[in-house]
Amino acid sequence: MKCMSCGCTESKVVDSRLNEDGTSIRRRRECTQCGKRFTTYETIETTPVMVVKKSGYRQIFSKDKLRQGIVKACEKRPVPMAEIDKLADEIERKVANQLDQEITSSQIGQYVMDGLKKIDDVAYVRFAAVYREFKDIDSWLSEINEIVRQRNDD
């Protein structure tokens with residue numbers, strides 16, 4: 001690992017810790033030349049999963065893009081960032097654990113909707129409006145009525 005201060009490639013590990021969800025190791029390192037300390041993260045290298053869009057276009061799955069979509073749906077809602085991160089982590093795990101190297105954007109959208117439904121009804125409807133491309137008020141009302149019906153059944 002190259003030191004950010006002096007450029008030396010020699011360092012020693014001072015401390016190692018598993019991160020909260022167990023997917024990476026955080027290492028504190030110290031440069032052997034200048035003594036500056038810095039942090040590195042070690043993760044498992046995986047083969048990328050391709051997302052197949054409705055148009056047929058393919059792109060590499062991005063947890064950051066997924067997280068941004070969830071954040072946008074939860075904007076101005078009382079949803080803690082920890083919940084958003086947890087949902088993004090769960091979906092990333094589902095995508096990574098599937099057998100295929102490709103997944104449709106509609107399947108990812110369904111994962112997000114399933115998760116948001118448990119977290120916040122308003123965020124769920126916001127996301128559904130974009131994901132399902134609501135064209136009129138009737139689309140909104142039918143989705144809201146479905147949520148109310150399910151809540152009354154529980």
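Everything numeric in this text was worked out from a predicted model, so none of it was measured.
Placement of I91 and V71 within a single hydrophobic cluster is found when ILVMFWY residues are connected by side-chain heavy-atom separations under 4.5 Å, directly or transitively. I103 and F127 end up in the same hydrophobic cluster when Ile, Leu, Val, Met, Phe, Trp and Tyr side chains are linked at under 4.5 Å. Following chains of ILVMFWY side-chain contacts shorter than 4.5 Å, one cannot reach V122 starting from L141, and the two form parts of different hydrophobic clusters. Hydrophobic clustering (side-chain heavy atoms under 4.5 Å, transitive across Ile, Leu, Val, Met, Phe, Trp, Tyr) keeps V130 apart from V79. By the criterion of side-chain heavy atoms lying less than 4.5 angstrom apart, applied directly or through intervening Ile, Leu, Val, Met, Phe, Trp or Tyr residues, V95 is not grouped with V52; the two fall into different hydrophobic clusters.
Residue L87 holds its CG atom at 11.0 Å from CZ of R67, rounded to the nearest 0.5 Å. The distance from the OG atom of S11 to the CZ atom of R28 is 11.0 Å, given to the nearest 0.5 Å. With rounding to the nearest 0.5 angstrom, the CD atom of Q98 is 8.0 Å from the CD atom of Q107. Once rounded to the nearest 0.5 Å, the distance linking OG of S62 with CD of Q68 reads 7.0 Å. Here R77 contributes atom CZ and D120 contributes atom CG; the two are 4.0 Å apart, rounded to the nearest 0.5 Å. Between E10 atom CD and R29 atom CZ the span is 10.5 Å, to the nearest 0.5 Å.
Atom CD1 of I44 sits in a sparse spot, with 12 or fewer heavy atoms from other residues, nucleotides or ligands closer than 6.0 Å. Atom NZ of K94 is surrounded by more than 12 heavy atoms from other residues, nucleotides or ligands within 6.0 Å. More than 12 heavy atoms of other residues, nucleotides or ligands shown are found within 6.0 angstrom of NZ on K63. More than 12 heavy-atom neighbours from other residues, nucleotides or ligands sit within 6.0 angstrom of CE on M81.
Residues passing the salt bridge (Lys or Arg N to Asp or Glu O under 4.0 Å) test with E102 are R58, sequence neighbours excluded. The salt bridge (Lys or Arg N to Asp or Glu O under 4.0 Å) search around E146 returns R149, not counting sequence neighbours.
V148 has its side chain within reach of N152: a pair of non-hydrogen atoms, C-beta onward, lies under 4.5 Å apart. Looking only at side-chain heavy atoms (C-beta outward), I60 and M50 come within less than 4.5 Å of each other. Side-chain atoms of R126 and E75, non-hydrogen and from C-beta on, do get closer than 4.5 Å to each other. Between K36 and M4 the shortest side-chain heavy-atom distance does not fall below 4.5 Å. Counting only heavy atoms from C-beta outward, the side chains of T43 and T23 never approach each other to under 4.5 Å. The closest side-chain heavy-atom distance from C6 to C31 is below 4.5 Å. Side-chain contact check for I108 versus F61: some heavy-atom pair is nearer than 4.5 Å. Two residues are said to be in side-chain contact when any heavy atoms from C-beta on lie closer than 4.5 Å; C8 and T32 meet this criterion.
Apart from Y57 itself, the hydrophobic cluster it occupies contains nothing, where clustering links Ile, Leu, Val, Met, Phe, Trp and Tyr at side-chain heavy-atom distances under 4.5 Å.
Judged by distance alone, the side chains of N145 and S142 never bring a donor and an acceptor atom under 3.5 Å apart. For the residue pair E90/Y111, the side-chain donor-acceptor check at 3.5 Å is not satisfied. Counting only N and O atoms by type, the side chains of Q110 and D114 include a donor and acceptor under 3.5 Å apart.
Contact detail for A123 and L116: the closest heavy-atom pair is O-CD1, 3.8 Å. Of all non-hydrogen atoms in E143 and Y124, the two that sit nearest each other are OE2-OH, 2.5 Å. Here the shortest heavy-atom pairing between A129 and W140 reads CB-CZ2, 3.4 Å. Of all non-hydrogen atoms in C74 and I84, the two that sit nearest each other are CB-CD1, 4.0 Å.
At least one donor-acceptor pair under 3.5 Å links the side chain of D136 to the backbone N or O of S139. N19 contributes a side-chain N or O that, together with a main-chain N or O of S24, makes up a donor-acceptor pair within less than 3.5 Å.
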Quiz item: Going through the checks in order, is the side chain to side chain contact (heavy atoms under 4.5 Å, CB included) test met by V51 and K65?
Solution: CA-CA 12 Å; V51 177; K65 187 173 178 182; over 6 Å; no

